[in-house]
Participant: 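Mind having a look at this structure? Questions to follow.
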Amino acid sequence: MDAMGRPSDDDGGARSPRRVTPRPANHRSLSARARRTRADLIAAARIVFERDGYTDSRIVDITALADSSAGTFYTYFEDKEQILKEVLKEAQEEMLHTADFGLGQFDREPAEALRDGLRAYLTFYRDNVRLMLLIEQVAGIDAEFRTSRREREIANHLRNAESIRRWKERDGEVDPKTMLLTVNALSAMTNKMAYNSFAVEGREDFDEVVETVLSLWVMAFGLGAGQLAVDDRR
């Protein structure tokens, strides 16, 4: 068995049922009832993965929570790894609205937009901390997931660096040589701050975390520092 649990499927000690070839990946072709069954399994898998971690989770626990059977599970998924991918796919869709930290809102003052964007990201992290820990666990043991995750991060960093370039062009100050690397560093800092604050320390001073992270972004790029000072005096 490798780190991702292949080929064993942890059936709780019972004899594994004969596998059925999973249905087509395009689940829109399934009947309404089949789509509900598949969705119920994914929802149950997310609860089990977040509760037990990937390596300790079992298919038998997923099917029990979904009020389903092992045979039904194998109708839609080949193994635990495949349903994990579906869970993470849905989670990444949920996270899309926080990816730009508000930097794409060019009709607002940059510090104001950045504050709201960082608040949205940190709120999502705090409210979904078990999911974020699951993502960290899987990234640590699965090279393919780790690579794809990093590719998404880089794409986000490129978009954010372009947004900052547009902000800075208004002031005639653009340094493209270090901008992307700085965005990379600040994004890593933001993620680590969220991890330490909500996964490790369980901090309750949420607003202070937001304002601390915001101040570092603003100082690094000089994005509306005057606006930040005004807001801090309130």
Side-chain angles (χ1 to χ4, degrees), residues 1-10 22 25 38-39 41-59 61-62 65 73 76-103 117-161 180-203 206 209-210 213 216-217:
M1 178 185 297
D2 64 14
M4 286 297 288
R6 295 177 294 251
S8 174
D9 294 300
D10 285 329
R38 185 178 184 276
L41 285 165
I42 293 172
R46 176 166 173 169
I47 292 172
V48 172
F49 289 146
E50 290 182 4
R51 183 189 69 201
D52 301 336
Y54 177 75
T55 55
D56 292 333
S57 62
R58 305 183 305 167
I59 288 175
D61 295 327
I62 295 172
L65 189 59
F73 178 94
Y76 301 100
F77 306 102
E78 292 181 355
D79 49 29
K80 192 170 72 171
E81 181 182 0
Q82 187 179 38
I83 198 169
L84 172 70
K85 290 179 180 179
E86 291 299 317
V87 169
L88 295 179
K89 179 181 177 181
E90 290 192 359
Q92 288 157 9
E93 291 294 322
E94 294 177 23
M95 296 172 65
L96 281 178
H97 72 287
T98 68
D100 70 348
F101 295 154
L103 289 168
L118 288 170
R119 180 178 293 277
Y121 172 78
L122 292 169
T123 297
F124 183 89
Y125 199 112
R126 180 196 62 188
D127 294 348
N128 296 274
V129 68
R130 289 183 178 272
L131 171 67
M132 304 306 286
L133 288 174
L134 172 65
I135 290 173
E136 294 295 338
Q137 181 191 30
V138 176
I141 61 178
D142 188 303
E144 180 181 353
F145 176 76
R146 185 164 59 247
T147 298
S148 64
R149 180 195 186 192
R150 185 55 183 161
E151 288 173 350
R152 286 191 300 273
E153 288 176 343
I154 291 172
N156 291 335
H157 296 171
L158 287 169
R159 285 193 294 272
N160 288 344
L180 181 58
L181 186 59
T182 303
V183 168
N184 189 7
L186 288 168
S187 297
M189 175 275 298
T190 302
N191 183 70
K192 187 63 174 180
M193 184 70 172
Y195 173 83
N196 287 338
S197 297
F198 309 126
V200 179
E201 301 170 6
R203 294 179 67 107
F206 180 77
V209 173
V210 173
V213 174
L216 293 172
W217 278 85

Participant: Quick one: closest heavy-atom pair of V209 and S197, and the distance?
Facilitator: CG2-OG, 3.8 Å
Participant: Is the shortest heavy-atom distance from the side chain of F198 to the side chain of D127 under 4.5 Å?
Facilitator: no
Participant: More than 12 heavy atoms of other residues, nucleotides or ligands under 6.0 Å from CD of E201: is that the case?
Facilitator: yes
Participant: Calculate, to the nearest 0.5 Å, the distance between atoms CG and CD1 belonging to D61 and I47 respectively.
Facilitator: 12.0 Å
Participant: Using 0.5 Å steps for rounding, measure from the OG atom of S148 to the NZ atom of K85.
Facilitator: 9.0 Å
Participant: Which heavy atom in F73 sits nearest to a heavy atom in I83, and how many Å separate them?
Facilitator: CE1-CD1, 3.7 Å
Participant: Side-chain contact, heavy-atom cut-off 4.5 Å: D100 with R159?
Facilitator: no
Participant: Is any side-chain heavy atom of I42 less than 4.5 Å from a side-chain heavy atom of Y76?
Facilitator: no
Participant: Please identify each residue that fulfils side chain to side chain donor-acceptor pair (under 3.5 Å) with D52, with sequence neighbours left out.
Facilitator: none
Participant: Measure the CZ-CG distance between F145 and L84 for me, rounded to the nearest 0.5 Å.
Facilitator: 7.5 Å
Participant: Side-chain atoms of residues 128-137: list all donor-acceptor pairs with protein atoms under 3.5 Å, sequence neighbours left out, distances to 0.1 Å.
Facilitator:
{"residue": "N128", "atom": "OD1", "partner": "R46", "partner atom": "NH2", "Å": "3.4"}
{"residue": "N128", "atom": "ND2", "partner": "F124", "partner atom": "O", "Å": "2.9"}
{"residue": "E136", "atom": "OE2", "partner": "R149", "partner atom": "NH2", "Å": "2.7"}
{"residue": "Q137", "atom": "OE1", "partner": "Y54", "partner atom": "N", "Å": "2.7"}
{"residue": "Q137", "atom": "NE2", "partner": "T55", "partner atom": "OG1", "Å": "3.4"}

Participant: To the nearest 0.5 angstrom, please state how far the CD1 atom of I154 sits from the CG atom of L180.
Facilitator: 8.5 Å
Participant: Walk me through whether Y125 and T98 qualify under side-chain contact (heavy atoms from CB on, under 4.5 Å).
Facilitator: CA-CA 10 Å; Y125 199 112; T98 68; over 6 Å; no
Participant: Would you call K80 and F49 a side-chain contact if the rule is heavy atoms closer than 4.5 Å?
Facilitator: yes
Participant: Just so I know, are the side chains of L186 and F101 near enough to count as touching, which here means a heavy-atom distance under 4.5 Å?
Facilitator: no
Participant: Using 0.5 Å steps for rounding, measure from the CE atom of M189 to the OG1 atom of T182.
Facilitator: 11.5 Å
Participant: Is any side-chain heavy atom of S187 less than 4.5 Å from a side-chain heavy atom of E153?
Facilitator: no
Participant: Please test E81 against D142 for side-chain contact (heavy atoms from CB on, under 4.5 Å), starting from the C-alpha separation and ending with a verdict.
Facilitator: CA-CA 10 Å; E81 181 182 0; D142 188 303; 3.9 Å; yes
Participant: If I compare all heavy atoms of T123 with all of F206, which pair ends up nearest, and what's the gap?
Facilitator: OG1-CZ, 3.2 Å
Participant: Got a second to check how far F77's CZ is from I62's CD1, nearest 0.5 Å?
Facilitator: 9.0 Å
Participant: Might you point out which heavy atoms bring N160 and A99 nearest each other, and give the distance in Å?
Facilitator: ND2-O, 3.4 Å
Participant: With a 4.5 Å cut-off on side-chain heavy atoms, are D79 and Q82 touching?
Facilitator: yes
Participant: Establish, from distance only, whether the side-chain atoms of N191 and Y121 form a donor-acceptor pair under 3.5 Å.
Facilitator: yes
